[in-house]
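The structure appears right after this line, and notes come after that.
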Amino acid sequence: MQWVNVLGGVVGGAALVGLGIILGHFAIPKGADVPTPSIFQDLDLEILESIMQQLDARRIRENLRELSREPHLASSPQDEALVQLLLQRWRDPESGLDSAEASTYEVLLSFPSREQPNRVAVVSPTGNVLFSCRQSEQNLTGEQGGPDVVPPYAAYAPPGTPQGLLVYANQGTEEDFMKLQAQGIKLEGTIALTRYGGTGRGAKAVNAAKHGVAGVLVYTDPADINDGQSSTNETFPNSWRLPPSGVERGSYYEYFGDPLTPYLPANPSSFRLDPDTASGFPPIPTQPIGFEDAKILLCNLQGASAPAAWQGALGCDYKLGPGFQPNGDFPGDSQVNVSVYNRLELRNSSNVLGIIRGAVEPDRYVLYGNHRDSWVHGAVDPSNGTAVLLELSRVLGTLLKKGTWRPRRSIVFASWGAEEFGLIGSTEFTEEFFSKLQERAVAYINVDISVFANATLRAQGTPPVQSVIFAASKQIPAPSLGGLSIYDNWIRYFNRSSPVYGLVPSLGSLGAGSDYAPFIHFLGISSMDIAYTYDRSKTSARIYPTYHTAFDTFGYVDKFVDPGFSSHQAVARTAGSVLLRLSDSLFLPLNVSDYGETLRSFLQAAQQNLGVLLEQHSISLVPLVTAVEKFEGAAGALDQRISALQKATPDPLQVRMLNDQLMLLERTFLNPRAFPEERYYSHVLWAPRTGSVATFPGLANACSRAMNTSLGSPAWAEVQRQLSILVVALEGAAATLRPVADF
Ligand SMILES: *[C@@H]1O[C@H](CO)[C@@H](O)[C@H](O)[C@H]1NC(C)=O
Ligand SMILES: *[C@@H]1O[C@H](CO)[C@@H](O)[C@H](O)[C@H]1NC(C)=O
Ligand SMILES: *[C@@H]1O[C@H](CO)[C@@H](O)[C@H](O)[C@H]1NC(C)=O
Ligand SMILES: *[C@@H]1O[C@H](CO)[C@@H](O)[C@H](O)[C@H]1NC(C)=O
Ligand SMILES: *[C@@H]1O[C@H](CO)[C@@H](O)[C@H](O)[C@H]1NC(C)=O
Ligand SMILES: *[C@@H]1O[C@H](CO)[C@@H](O)[C@H](O)[C@H]1NC(C)=O
Ligand SMILES: *[C@@H]1O[C@H](CO)[C@@H](O)[C@H](O)[C@H]1NC(C)=O
Ligand SMILES: *[C@@H]1O[C@H](CO)[C@@H](O)[C@H](O)[C@H]1NC(C)=O
Ligand SMILES: *[C@H]1O[C@H](CO)[C@@H](O)[C@H](O)[C@H]1NC(C)=O
Ligand SMILES: [Zn+2]
């Protein structure tokens, strides 16, 4: 998972030649020894149950141990070794899969220099170095050292060696910098110390640069991740909390996909931008540091106290600066020097696909994916997702091998490369196979960090997948809760009151935090992300504490995150059951009426938030209301046709027509011309925004731009255009749900 929110010059030559030959290949192979398929083949609950029983926590644990033994940064030799491991497992005739292949893209990554490590130092007026931040994390358990642990850095931050007075800028949002300016603090030429949270990573540097800041530091405040605990005896390896030297690495690239080939797969022959003209990189040098070092910098600042909301858990009153207090650890006019020597490099990065050919509808694909690369060992992020992926493919393969079962539709297992740098492998895949996937993909299931913690299931997805996740989670017991189902446990942590169903678990919306982003926002494929997470009432953690640090190791998971691996097993079962239901059910278990309910709630929110403003400008929401009603009517009528068909002996062609309507509904919400300035985002119902997801994003955006302009301004014309785009999309969607021959 790259947000919050990834093979190369060093790779063995022989293997790459092999990969080169099959580059760009994604074919459904001929399936072996299939029992004569019935055109009515449907989900078999006995088979499903036996698959659930066979998913083995011990094997997942062994997979994780193997996958996370070495650091495996994207494009590193260890990452390539994992490509080979996956290929070997999936190509082994015993695996039962029909084929496995790797496809390689040549993509632009960013690395710190080995020869010249990035450095953050306090420098006296006479140029003496008074203090230097750590350049690597403390080797606490013997796993954090060595040449393969990439030192903490801000990927894609440009090289540079700015120096200036330090200011504290909270989360580095635009409002934070405005507040500093309002306090009369001169930001020009300063170094801004910011904390993670509140914005995407790259946005901190973008906002800072707008105000003339010369360099940015980013740290994780213990208040945001450790329940405020920062003393070494309260942190890893004594607990699961982040130790003082831990540093969150991450990509500071603002878009996703290979930076040099937007909208084109990064194949050798593809057009590439000149790296100097590529956009979305942080404009100024940026470096992440641990809270141990942040404390020394922050607790020595002078100036006014920061607002209460800006205070954290470092154990001092946070001041704003600029510069250090004269009677602290440093002379008052000491400056901070941020020396960044990151380099952009073209590297080879591979996706690995493992394919099971469908018995009846091989041209319909259910995709199940996770990234493989990690910042360091990545035991949680992403290896535990991959550990689950391997176990699921093993169990399905065993059945195929026995010749007793083959799914109705094709299953594509995917291990994506270079996700951490910006969802690169998955995005290149969607660019290369855009048409094929849009025509044939039923759904995409993402399992990245499968287990953040062991309290509850957490699922995000588009409305049509809600019913299949509910159905799956109702039939699986939650770990160590005396038979309570995953569903009943889930509802205790995340719930909402639905006008249709009453109290149900709440499904989150899909932002751009992992590889589902290109599938939903760019291709319009119904998608979901499934994980186990923590009890938000017991921890304030923004994410699990050792996220993207050298401390995210097998021992960490085994001891603190999921001892016994039962949560991993629970995720494997839930995601596996969803996969089976989507690939084996005669009628696709995608409920379009659930989209109606969501649209109704979006409409109510729009009426509430924008109604008055629009009325003042004589813009009516009535056409939108009518469009939502038409959608609900068409979805309800489709439900009725499905139940009628389910009662009779179904006509296979009728079933296929209905299933295509269900599969293609999500595509109707794409409009590539709706937001021409937003790369990849063309879903008119939602778009990722800083830390959240905007609904009716075009309309919301246009309204906030038009708000203070006069009637008749181009900004108000844009509001009307966006409203029309929505109305047309909803009416168009409703039309596709009606019987095929109706207009
Ligand atoms: C990527 O692999 C291809 C095929 O082996 C090779 O020609 C190319 O030089 C490699 N690119 C990089 C950046 O290593
Ligand atoms: C980290 O600690 C282990 C065990 O104490 C040691 O073997 C290893 O060499 C250390 N690594 C570094 C880079 O210090
Ligand atoms: C910051 O330190 C680096 C490394 O010592 C040095 O090359 C650079 O000139 C310094 N920056 C400024 C603005 O003095
Ligand atoms: C950690 O150290 C603090 C301060 O020395 C002490 O108050 C606390 O009890 C210690 N916690 C544990 C779990 O030992
Ligand atoms: C719904 O979720 C909240 C936490 O968000 C929880 O406090 C509440 O008990 C849950 N409701 C039920 C009925 O479990
Ligand atoms: C989660 O793990 C902790 C140990 O880290 C354990 O005490 C707790 O009982 C587990 N919870 C569940 C629901 O398994
Ligand atoms: C979809 O959900 C609605 C509302 O619960 C229900 O009436 C309908 O039967 C469901 N459709 C299908 C195909 O199961
Ligand atoms: C519009 O004006 C209001 C009140 O004057 C102000 O609070 C708001 O920030 C302005 N919005 C924009 C987008 O400029
Ligand atoms: C996934 O990683 C998390 C965090 O390291 C760990 O707790 C969990 O057990 C892992 N899950 C699996 C299936 O390995
Ligand atoms: Zn991840």
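Quick caveat: nothing in here was measured; it's all calculated off a predicted structure. Counting convention: from 1, in listed order, for ligands and their atoms alike.
In this pair, Tyr253 and Phe281 present their aromatic rings tilted. The plane angle is within the 30 to 60° band. The aromatic rings of Tyr556 and Tyr544 are tilted relative to each other, their planes meeting at an angle between 30° and 60°.
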Evaluate the ring-ring contact (aromatic ring centres under 6.0 Å, His included) criterion for residues Tyr219 and Phe291: first the C-alpha distance (whole Å), next the side-chain angles of each, then the deciding distance (0.1 Å), finally the verdict. CA-CA 6 Å; Tyr219 80 101; Phe291 67 77; 8.0 Å; no
Any chance you could lay out the salt bridge (Lys or Arg N to Asp or Glu O under 4.0 Å) test for Glu62 and Arg65, step after step, and finish with the verdict? CA-CA 5 Å; Glu62 285 318 305; Arg65 194 205 292 279; 3.3 Å; yes
Report the C-alpha distance between Tyr156 and Tyr252 in whole Å, list the side-chain angles of each, state the deciding distance to 0.1 Å, and finish with yes or no for ring-ring contact (aromatic ring centres under 6.0 Å, His included). CA-CA 6 Å; Tyr156 298 106; Tyr252 283 63; 9.6 Å; no
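The two residues Phe111 and Ala74 have their closest heavy-atom pair at CZ-O, 4.0 Å.
Near Ile491, with a cut-off below 4.0 Å to any heavy atom, the atoms of ligand 5 are 1 (C), 10 (C), 14 (O). The ligand atoms of ligand 5 that sit less than 4.0 angstrom from a heavy atom of Leu503 are 13 (C). Atoms of ligand 3 lying under 4.0 Å from any heavy atom of Ser339, numbered from 1 in the order shown and given with element: 1 (C), 2 (O), 3 (C), 4 (C).
Protein neighbours of ligand 2 below 4.0 Å, counting non-hydrogen atoms: Asn139, Gly142, Gly145, Gly146.
Sorted by first and then second residue, the side chain to side chain donor-acceptor pair (under 3.5 Å) pairs involving residues 281-296 (not counting sequence neighbours) are Asn118-Gln287. Among pairs with a residue in residues 189-199, those fulfilling salt bridge (Lys or Arg N to Asp or Glu O under 4.0 Å) read Arg195-Asp224, at least two apart in sequence or across chains.
An N or O contact shorter than 3.5 Å is missing between Tyr341 and ligand 3 by distance.
The shell of residues lying under 4.0 angstrom from ligand 3, judged by heavy atoms, excludes Gln335.
The proximity of Thr161 to ligand 3, defined as any non-hydrogen pair under 4.0 Å, involves the side chain as well as the backbone. Contact annotation for Tyr493 and ligand 5: only backbone heavy atoms (N, CA, C, O) come within less than 4.0 Å of the ligand.
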For residues 126-133, which side-chain N or O atoms pair as donor and acceptor with protein atoms under 3.5 Å away, sequence neighbours left out?
from   : atom 1 : to     : atom 2 : distance (Å)
Thr126 : OG1    : Ser124 : OG     : 2.9
Thr126 : OG1    : Asn128 : ND2    : 3.4

